[in-house]
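We number each residue from 1, following the sequence as shown.
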Amino acid sequence: MRTPETFFSRRRFLQLGAGTATGLWAAGNVPRALAGSAKTLKNIGVQLYTVRDLMPKDAPGTLKALAGLGYKEVEVIGRNLDQLAPELQRVGLKPISMHIEAALVTGNRETLKAIAARFNFPMLPDDYTLSSAIANAKKHGVEYLVVSYLFPQERGGADFYRQFADQMNRAGEQCRAAGLKLCYHNHAFEFAPVESIIPFDLFMERFDARLVSWEMDVFWIAMGGQDPAVTLRKYKGRVPLVHLKDKAKAIAGQTDEAKVPPTAFAEVGNGGLNFAEILRAAEEAGVRHYFVEQDQTAGNPLDSLRQSYAYLNKLNF
């Protein structure tokens, strides 16, 4: 998904807390069919973070362009869908999930204030809570709330990760009571040892599978030194959402997201990940929704999203 630097690199996008459409932010070589396979991916979605620079300039036009590329679903970033939702409906894009700040789960607003001051972006309003996010999601038909990232300043030792997992379970109970599902989105730092634990392993052991699911980002899984397909199969039934992005072949693994260069991100099919195998594993694991996301693009992000869609739309797995 995003690092501290990429998440807050552009001020216009950083005003996602303003409660407006502006602030709510998320044809390469086509492979030949695999022998004996006839499945293709349906209802391909997109994370609006990928078009964070285009939305403030022309939100209606950008959303129309995404729909024109073939995307059917979106994952949004923000706190208020009231102004964005009509535009999504107008072009036929369904909001499936919404990323939220970890502070809504942890209550650690003081640290978030320090991060906001450092990167000059709006603070969460004091009256905006997890209950607010749940109400907003339900109003607009969003099915999933996803904790998108733990900033380095929010993290701690092994006890912090144990406490956070328990807080996620309590938040998951609140979401379930409202008819929603709570997920956690991984990056790569979760695979770096902290004291005697691997945070990712602790999460998967400690998260109550009835209350907290997982949104797998295949790029960051690979950056963390893991095989996305193997990991999907290992956690069958616990991964309803997946982020699809490719990793440049020459890029080595790195658990510190701040050290990952922009050139590490590639359009789906233009890097080294085996997406036919990943999608087979995802189907076996029960994944329900797929979102293309590219944290960094060399040119127009719509061109990158066009390439990724074209590849996925033709890929048999």
Out of curiosity, [X] [atom1] to [Y] [atom2], how far, rounded to the nearest 0.5 Å?
X	Y	atom1	atom2	answer
L244	Y290	CG	OH	7.5 Å
K249	L273	NZ	CG	10.5 Å
Q307	T297	CD	OG1	10.0 Å
D246	S308	CG	OG	8.0 Å
I115	E101	CD1	CD	10.0 Å
N136	I100	CG	CD1	11.0 Å

Within-4.5 Å side-chain heavy-atom neighbours: [X] and [Y]:
X	Y	answer
R288	E143	yes
M204	R238	yes
H185	D217	yes
E257	Y149	yes
L232	V239	yes
I221	N186	yes
N313	L41	no
V212	N169	yes

Checklist entry - Quick one: are the ring centres of F203 and F164 less than 6.0 Å apart? => result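 Distance test on ring centres: under 6.0 Å, yes.
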
Taking [Y]'s backbone N and O only, do any of them form a donor-acceptor pair with [X]'s side chain (distance below 3.5 Å, no angle check)?
X	Y	value
E284	R233	no
Q294	P301	no
E87	L84	no
Q226	P228	no
R155	L150	yes
K181	C175	no
N43	K72	no
K247	I251	yes

Got a sec, which residues hit salt bridge (Lys or Arg N to Asp or Glu O under 4.0 Å) with [X], two or more places apart in sequence or on another chain?
X	result
K113	E110
D159	R162
R109	none

Give a yes or no on whether a salt bridge exists between [X] and [Y], defined as a side-chain N under 4.0 angstrom from a carboxylate O.
X	Y	value
R280	E277	yes
K39	E283	yes
E293	K245	yes

Looking only at non-hydrogen atoms, find the nearest pair between [X] and [Y] and report the distance.
X	Y	value
I134	A178	CG2-CB, 3.4 Å
E154	A103	OE2-N, 4.1 Å
L81	V142	CD1-CG2, 3.7 Å
T106	Q167	CG2-OE1, 3.5 Å
A192	P199	O-CD, 3.3 Å
V146	E215	CG1-OE1, 3.5 Å

Item to check | Worked check of side chain to side chain contact (heavy atoms under 4.5 Å, CB included) between K139 and D82 | outcome: CA-CA 9 Å; K139 179 179 179 180; D82 288 344; 3.0 Å; yes

Checklist entry - Stepwise, does the side-chain hydrogen bond (donor to acceptor under 3.5 Å, both in side chains) test hold for K42 with T40? => result CA-CA 6 Å; K42 304 298 182 184; T40 56; 3.3 Å; yes

ILVMFWY network linking [X] to [Y], side-chain heavy atoms under 4.5 angstrom:
X	Y	result
Y144	M216	no
L241	L88	no
V147	V76	yes
I96	V91	no
M98	L112	yes

Next on the checklist: Test side chain to side chain contact (heavy atoms under 4.5 Å, CB included) on K138 and L180; report intermediate values, then the result.
Outcome noted: CA-CA 8 Å; K138 286 181 65 65; L180 300 178; 4.0 Å; yes

Which donor-acceptor pairs under 3.5 Å do the side chains of residues 258-269 make with protein atoms, sequence neighbours left out?
| unit_1 | atom_1 | unit_2 | atom_2 | d |
| --- | --- | --- | --- | --- |
| E267 | OE1 | N270 | ND2 | 3.1 |
| E267 | OE2 | S304 | OG | 2.6 |

Next on the checklist: Which residues end up grouped with V230 if you chain together Ile, Leu, Val, Met, Phe, Trp and Tyr wherever their side-chain heavy atoms are less than 4.5 Å apart?
Outcome noted: none

Item to check | ring pair (Phe, Tyr, Trp, His ring centres under 6.0 Å) partners of Y309, counting only residues at least two apart | outcome: Y71

Checklist entry - Quick one: which of W214, Y184, Y161, F207 gives a ring-ring contact (aromatic ring centres under 6.0 Å, His included) with F200? => result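 Testing F200 for a ring-ring contact (aromatic ring centres under 6.0 Å, His included) against W214, Y184, Y161, F207 leaves exactly one candidate, W214.
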
Checklist entry - Step by step, would you call T50 with V292 a side chain to side chain contact (heavy atoms under 4.5 Å, CB included)? => result CA-CA 8 Å; T50 311; V292 175; 6.0 Å; no

Item to check | salt bridge (Lys or Arg N to Asp or Glu O under 4.0 Å) between R176 and E173, worked out | outcome: CA-CA 5 Å; R176 184 173 72 168; E173 183 67 60; 3.4 Å; yes

Checklist entry - Without hydrogens or angle criteria, can the side chains of Y311 and R306 be said to hold a donor-acceptor pair below 3.5 Å? => result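 No, because no side-chain N or O of Y311 sits under 3.5 Å from a partner of the opposite role on R306.
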
Checklist entry - Can you tell me if E75 and H289 form a side-chain donor-acceptor pair at under 3.5 Å? => result no

Checklist entry - What orientation do F189 and H187 show, parallel under 30°, tilted 30 to 60°, or perpendicular over 60°? => result parallel

Checklist entry - Does the side chain to side chain contact (heavy atoms under 4.5 Å, CB included) test come out yes or no for L211 and L182, once each step is laid out? => result CA-CA 7 Å; L211 304 175; L182 181 67; over 6 Å; no

